[in-house]
Amino acid sequence: MSLICPISDKYVDENTARLNAFFAFNITLIFFLTTYKWIIFMLAADFFLRRILEGRFSYLSRISVLTTGALSLKKVRINAGPKLFAANVGLMLSLLAGVFFYAGLPYVSFVLAGTLAFFTFLESTFNICAACILYPFVSRYFS
């Protein structure tokens, strides 16, 4: 199976995107391991800001940019299309995880959050974009 990724006319820094995924993974772990279940909505808000407002007000993106600067990581420009689609998926998964948790369906919530954790782990650790794997299946229904 060949990967088909969404293409955009915008570009992002790959290191910043991977750090965004790392921070999202850690926030999802906090959701799993602590009583701070509301934190999943903070993650959903960040995905919303990253996607809808192109990251201008995303606190995780700002932290990631500061971190790449502090670590003196070289900028690697990549197409923003897959990352924007991944932000859509992250927004849906985190928002639904929070809604299902507070609706009294914690197991459904944990499956959704686990999926999000898995995707962000793949991105941050192995640079595997789950969005490029999912996109061919989803694009059939929305194009």
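Just the heavy atoms: all of them, side chains too, but no hydrogens, waters or symmetry mates, feed the values below. These numbers come from a predicted model, not from an experiment.
The cluster map of Ile, Leu, Val, Met, Phe, Trp and Tyr, joined by side-chain heavy atoms under 4.5 Å apart, puts Met92 and Phe41 in different clusters. Ile39 and Leu33 fall within a single hydrophobic cluster, where Ile, Leu, Val, Met, Phe, Trp and Tyr side chains are chained together by heavy-atom contacts under 4.5 Å. Following chains of ILVMFWY side-chain contacts shorter than 4.5 Å, one cannot reach Tyr11 starting from Leu84, and the two form parts of different hydrophobic clusters. Leu73 and Leu60 are members of different hydrophobic clusters when ILVMFWY side chains are connected at heavy-atom separations under 4.5 Å.
Shown here is Phe22, whose CZ atom has no more than 12 heavy atoms of other residues, nucleotides or ligands within 6.0 Å.
Of the inter-residue distances, the one linking Ile52 atom CD1 with Leu49 atom CG reads 9.0 Å to the nearest 0.5 angstrom. In this structure, CG on Asp46 lies 11.0 Å from CZ on Arg62, to the nearest 0.5 angstrom.
For the pair Leu43/Leu91, no side-chain contact is recorded, criterion being any heavy-atom separation below 4.5 Å from C-beta on. The side-chain heavy atoms of Ser124 and Leu19, taken from C-beta on, include no pair separated by under 4.5 Å. By the 4.5 Å heavy-atom criterion applied to side chains, Asn88 and Phe47 are not counted as neighbours. The side-chain heavy atoms of Met42 and Ile27, taken from C-beta on, include no pair separated by under 4.5 Å.
Listed for the Lys10 side chain is no donor-acceptor partner under 3.5 Å among the backbone atoms of Ala80. Formation of a donor-acceptor pair under 3.5 Å by the Ser64 side chain with backbone atoms of Asn20 is found in this model.
Phe121 meets the ring-ring contact (aromatic ring centres under 6.0 Å, His included) test with Phe25, Phe126; sequence neighbours excluded. Remark: Arg18 pairs with no residue by the side-chain hydrogen bond (donor to acceptor under 3.5 Å, both in side chains) rule, at least two apart or across chains.
Nearest heavy atoms, Thr120 versus Ala24: CG2-CB, 3.9 Å. In this structure, Phe23 and Thr67 approach most closely via the heavy-atom pair CZ-OG1, 4.1 Å.
Sorted by first and then second residue, the side chain to side chain donor-acceptor pair (under 3.5 Å) pairs with a member in residues 26-36 form an empty list; sequence neighbours excluded. Residue pairs meeting the side chain to side chain donor-acceptor pair (under 3.5 Å) criterion with at least one member in residues 73-85, sequence neighbours excluded: Lys83-Glu123.
For the 3.5 Å distance criterion, the side chains of Asn15 and Thr68 fail to qualify, holding no donor opposite an acceptor.
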Could you pull out all donor-acceptor pairs under 3.5 Å where a side-chain atom in residues 104-118 meets a protein atom, sequence neighbours excluded?
residue : atom : partner : partner atom : Å
Ser109  : OG   : Ala97   : O            : 2.6
Thr115  : OG1  : Val111  : O            : 2.9

Determine all donor-acceptor pairs shorter than 3.5 Å in which one atom belongs to a side chain in residues 127-138; sequence neighbours excluded.
residue : atom : partner : partner atom : Å
Asn127  : ND2  : Glu14   : OE2          : 2.5

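Of the options Ile40, Val89, Val99, a side-chain contact (heavy atoms from CB on, under 4.5 Å) to Ser94 is made by Ile40 and by none of the others.
A cation-pi arrangement is absent between Lys37 and Tyr102 under the rule of less than 6.0 angstrom and at most 45 degrees off the ring axis.
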Open item on the list: Could you go through Phe31 and Phe101, starting from their C-alpha distance and side-chain angles, then the distance that decides it, and tell me whether this counts as side chain to side chain contact (heavy atoms under 4.5 Å, CB included)?
Closed with: CA-CA 10 Å; Phe31 173 73; Phe101 182 82; 4.3 Å; yes
